[in-house]
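Working notes, structure below.
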Amino acid sequence: MMAEDFVGWDSYDDDLEKAKPKPVPRRSSAFKTANRLRSGSVVDRLKRLFRVANQDPDLDELDLQAPRYVPASLDILTKTTRFSRREIQLIYRSFKQECPTGIVTAEKFRELYSQFFPLGDASYFARQIFQLMDQDMDGSVTFEEYLVVMSMLSRGSLDEKVQWVFNLYDSNGEGQLTAEKLTDVAVSVYEMLGSYTDPPWINETTIKDHVARVFSKMDTNQDGIVTFTEFKEFCITDEGVRRNFGVFDSSL
């Protein structure tokens, strides 16, 4: 995830400019590779975890022989998601290439997600996203669980996407956000992007100052806690935030 993927970060450029020292020479091809890999929206990166397989024009049903785990039928999946039969077939083929057993473990997901951030540590976000996908909390993500999240993020309503982001920020599932939680998210973004990020000079004090300003806007009653209602109101009424949610929209 890039900073632009996060609610309330659309004004962050101003803060970064104030903290900017003399320009630091940009590093070689490794930096360019990292930038290319981390580009795109949340949905783009989740899609690219499982590369689209060679498209077989004769695909009529899911190939259910190789995996140990057998997903639900296409008829059921088309009813529980916003994807067509053909789209589900293609997603499944690519999913099975990376996960031939039909499921994804937490470690495998971290490994795949970290490919987008070779110069940093993506463990925090890999763990958070995995936990949100693992609906039955059994330590693995099935094809259905992955597909449901993909469907919601790419074609769900604004309310659904706001709820998903809120849950992503609410790391311990308390149903409320604190400034500390948002700071943890912000710091982990820069840990994920790594030491060769642009700009490379951000320190934790600068991040905390920005989080404090954004949190104050969200916390309408100034009680030190942001409820989902407050978070949703902030997301819906702030034009910049609404625009940021557009990065979730995606087609296959």
Side-chain angles (χ1 to χ4, degrees), residues 1-2 5 29-30 32-156 164 168 192 194 247-252:
M1 290 184 188
M2 300 169 64
D5 293 338
S29 58
K32 296 178 181 178
T33 300
N35 262 349
R36 184 175 66 254
L37 288 173
R38 67 182 175 85
S39 63
S41 71
V42 175
V43 176
D44 291 333
R45 284 189 287 276
L46 286 177
K47 282 168 50 181
R48 288 154 55 196
L49 287 180
F50 309 103
R51 303 289 181 178
V52 175
N54 293 329
Q55 298 185 10
D56 181 356
D58 296 324
L59 269 177
D60 291 323
E61 295 295 332
L62 297 178
D63 179 1
L64 303 180
Q65 297 180 357
R68 183 170 64 247
Y69 174 84
V70 180
S73 70
L74 281 169
D75 289 338
I76 293 176
L77 294 178
T78 54
K79 293 177 181 178
T80 56
T81 69
R82 297 169 176 88
F83 293 125
S84 68
R85 290 172 64 92
R86 177 65 176 176
E87 288 172 330
I88 294 171
Q89 289 168 334
L90 293 176
I91 296 171
Y92 181 70
R93 280 288 178 93
S94 56
F95 180 92
K96 193 175 65 173
Q97 281 188 334
E98 292 291 349
C99 306
T101 62
I103 61 174
V104 186
T105 64
E107 178 59 26
K108 180 64 174 179
F109 186 81
R110 185 200 62 76
E111 174 188 325
L112 292 170
Y113 198 78
S114 294
Q115 293 175 6
F116 299 115
F117 308 96
L119 302 178
D121 182 2
S123 299
Y124 177 90
F125 277 102
R127 181 176 66 253
Q128 289 300 103
I129 293 173
F130 184 87
Q131 289 176 352
L132 290 182
M133 290 195 296
D134 184 15
Q135 292 296 303
D136 57 7
M137 296 182 291
D138 65 351
S140 63
V141 169
T142 65
F143 177 68
E144 289 98 325
E145 289 173 324
Y146 171 74
L147 193 67
V148 166
V149 172
M150 282 293 300
S151 173
M152 182 275 298
L153 288 178
S154 60
R155 298 175 183 178
W164 192 85
L168 181 67
M192 180 168 61
V247 302
F248 289 118
D249 296 334
S250 177
S251 60
L252 294 177

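The two residues Ser114 and Arg110 come nearest to each other via the heavy atoms OG-O, 2.7 Å. Of all heavy-atom pairs spanning Ile103 and Phe95, the tightest one is N-CE2, 4.3 Å. Taking all atoms of both residues into account, the shortest heavy-atom contact from Ala72 to Glu144 is N-OE2, 2.6 Å. Phe130 and Gly139 make their closest contact through CZ-O, 3.6 Å (heavy atoms, listed as atom of the first residue, atom of the second, distance).
At a threshold of 4.5 Å between non-hydrogen side-chain atoms, the residues Leu132 and Leu168 count as touching. In this structure the side chain of Ile91 never reaches within 4.5 angstrom of the side chain of Met150, judged on heavy atoms.
The line from CD1 of Ile88 to CD1 of Ile76 is 11.0 Å long, rounded to the nearest 0.5 Å. Here Phe83 contributes atom CZ and Leu77 contributes atom CG; the two are 10.5 Å apart, rounded to the nearest 0.5 Å. With rounding to the nearest 0.5 Å, the separation of OG in Ser123 from CD in Glu111 is 12.0 Å. Here the SG-CZ distance, from Cys99 to Phe109, works out to 10.0 Å after rounding to the nearest 0.5 Å. Atoms CD1 and CH2, from Ile129 and Trp164 in turn, are 4.5 Å apart once rounded to the nearest 0.5 Å.
Checking side-chain atoms of Glu145 against main-chain N and O of Asp134 turns up no donor-acceptor pair under 3.5 Å. Put simply, the side chain of Ser151 gets close to the backbone of Arg82: a donor and an acceptor are under 3.5 Å apart.
Ser73 and Asp75 are not linked by any side-chain donor-acceptor pair at a separation below 3.5 angstrom, with hydrogens and angles left out of the test.
Relative ring orientation between Tyr113 and Phe116 is described as perpendicular, the plane-to-plane angle rising above 60° on a 0-90° scale split at 30° and 60°.
Taking the six-membered ring where the residue is Trp, the centroids of Tyr69 and Phe143 are separated by 6.0 Å or more.
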